[in-house]
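Structure first, commentary second.
We name chains A, B, ... by the order of the sequence lines, and we start the count at 1 in each one. Predicted, not measured: the structure shown is a model, and the values here were computed from it.
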Amino acid sequence: MPELPEIEVLRRSLAPRLVGEAVARVAVREPRLRERVRPRELAGLAGQTVRALGRRGKYLLIHLDGKKGCQTLVVHLGMSGRLTLAEGRAPDEPHEHVAIYLRSGAKLRLRDPRRFGLVRVVATDRLARDPHFAGLGLEPLAPEAAEDLAGTMLREAARGRRGPVKSFLMDAGVVVGVGNIYATEALFRAGIHPLRSVARLSPARWDLLAAAVVAVLRQAIGQGGTTLNDFADGEGRSGYFQVSLSAYGREGEPCGACGAAIRRIVQSSRSTFYCPRCQR
DNA sequence: CGTAGACCCTGCGCGC
DNA sequence: TGCGCGCAGGGTCTAC
């Protein structure tokens, strides 16, 4: 479900409602997520106050202040995760694996049918060294990257590598947050064929691609993310970037630019959509 | 070393 | 109507 824009939309929707709230208790109902949830680790959040919400790639970071220093609740939504804030006594929903009760009476609930998600508590000052974050690549919307996630940075990262440009874009060791939808869309906008080798892209086209990545992510955030099935922000609101998708999910439909039929292929067992005429 | 594929899990929509 | 199949926005591990 969620790529960078969806997590950013979630972060922005939750922040004003969570910051300053104190945790009353945490309930773990199903610990078998991608990584086993440790109930005692989460229980330690009781009494702590939310200080700020951050994001790294597709990870949502909920920073808290406690007696034992600052801790960060790290949440990854996998494919099917939803994190929503419910006011008052909300009944548990199916697949609501973790519930964080706040002193205000509200409940932050994590639902994740496929259980590809992840919830952990990490000391804030050790985040950068945590195995989940240590190997991550460029943050595409960070101020220092966004203005010139310039082809130069991507091109440097691609030096000595081979393989298709779409897989490269989706490699979190290169750029974080770009998943199947936004890699597909960025390549469409840049007019680059998803199977093209990273070894065979001119500097000018790296620039085009970098700009396309930043533009598509920004636009998606502005439109509340992409809701295909079930994405919703912290208050349950859907996004509407799906109406702006040019290639993703449009197999057989005419390309908006040239009219040729959009094609679907499978790359490392993920669907890729592209225009055979516009993308070379 | 890098890359391709299997795998983790449930739910949904489609064709028969 | 019911069933089986393929497919789904994520990441990680193994086998080449």
> Between C/dG9, B/dT3, C/dT12, which nucleotide has the shortest distance from any of its atoms to the side chain of A/Tyr248?
Replying inline: C/dG9

> For DNA chain C, what are the stems built from at least three Watson-Crick or G-U pairs in a row, each pair having both distances below 3.5 Å?
Replying inline: B:2-8 with C:10-16, B:10-16 with C:2-8

> Once the angle between the rings of A/Tyr248 and A/Phe273 is folded into 0 to 90°, is it parallel (under 30°), tilted (30 to 60°) or perpendicular (over 60°)?
Replying inline: perpendicular

>> Do the side chains of A/Arg263 and A/Glu251 get close enough for a salt bridge, i.e. N-O under 4.0 angstrom?
In response: no

> Does some side-chain heavy atom of A/Val178 sit less than 4.5 Å from a side-chain heavy atom of A/Leu4?
Replying inline: no

> Does a nitrogen or oxygen in the side chain of A/Ser271 sit under 4.0 Å from OP1 or OP2 of C/dA8?
Replying inline: yes

>> Given C/dG9, C/dT12, B/dT10, identify the nucleotide with an atom nearest to the side chain of A/Arg34.
In response: C/dT12

> Does OP1 or OP2 of C/dG9 have a side-chain N or O of A/Lys58 closer than 4.0 Å?
Replying inline: no

> Between A/Arg29 and A/Glu96, is there a salt bridge with N-O shorter than 4.0 Å?
Replying inline: yes

>> Taking the nucleotide of DNA chain B with the nearest heavy atom to each, does A/Ser167 or A/Arg114 sit closer to the 5' end?
In response: A/Ser167

> Taking only side-chain nitrogens and oxygens of A/His76, does any of them come within less than 4.0 Å of OP1 or OP2 of C/dG11?
Replying inline: yes

> Just how far, in rounded Å, is C1' of C/dG11 from CZ of A/Phe133?
Replying inline: 13 Å

> Any idea which of C/dC7, B/dG11, C/dT12 is nearest the A/Pro113 side chain?
Replying inline: B/dG11

>> Ignoring hydrogens and geometry beyond distance, is the side chain of A/Arg115 in donor-acceptor contact with the base of B/dC9 at under 3.5 Å?
In response: no

> Would you say the base of C/dA8 and the side-chain of A/Arg270 have a donor-acceptor pair closer than 3.5 Å?
Replying inline: no

> A/Arg162 has an atom CZ; how far is it from atom C1' of C/dC16, in whole Å?
Replying inline: 13 Å

> Is the distance from OP1 or OP2 of C/dA8 to the nearest side-chain N or O of A/Asn229 less than 4.0 Å?
Replying inline: no

> P atom, C/dC7 versus B/dG5: distance in rounded Å?
Replying inline: 15 Å

>> Here's a test for you: under side-chain contact (heavy atoms from CB on, under 4.5 Å), which of A/Ile100, A/Val119, A/Val37 qualifies with A/Val28?
In response: A/Val37

> In whole Å, what is the span from the CD atom of A/Gln267 to the P atom of B/dT3?
Replying inline: 13 Å

>> What is the distance, to the nearest angstrom, from the CG atom on A/Asp171 to the P atom on B/dT3?
In response: 8 Å

> Any idea which of C/dG10, C/dC7, C/dT12 is nearest the A/Met79 side chain?
Replying inline: C/dG10

>> Using OP1 and OP2 only, check whether a side-chain N or O of A/Tyr182 sits under 4.0 Å from C/dG9.
In response: no

>> Any carboxylate oxygen within less than 4.0 angstrom of a Lys/Arg side-chain nitrogen, looking at A/Glu235 and A/Arg17?
In response: yes

>> I need the CZ-C1' distance between A/Phe116 and C/dC13, as an integer number of Å.
In response: 14 Å

> Below 4.0 angstrom from OP1 or OP2 of B/dG11, is there any side-chain N or O of A/His95?
Replying inline: yes

>> How many whole angstroms separate atom CG of A/Leu33 from atom C1' of C/dG11?
In response: 13 Å

> Do the ring centers of A/Phe188 and A/Tyr274 come within less than 6.0 Å of each other?
Replying inline: no

>> Distance check needed: C/dG9 C1' versus A/Arg82 CZ, whole Å only.
In response: 14 Å

>> In this structure, how many angstroms lie between the P atom of B/dG13 and the CG atom of A/Leu228, rounded?
In response: 13 Å

>> For A/Arg56, is there an ion pair with A/Glu139 - N to carboxylate O distance below 4.0 angstrom?
In response: yes

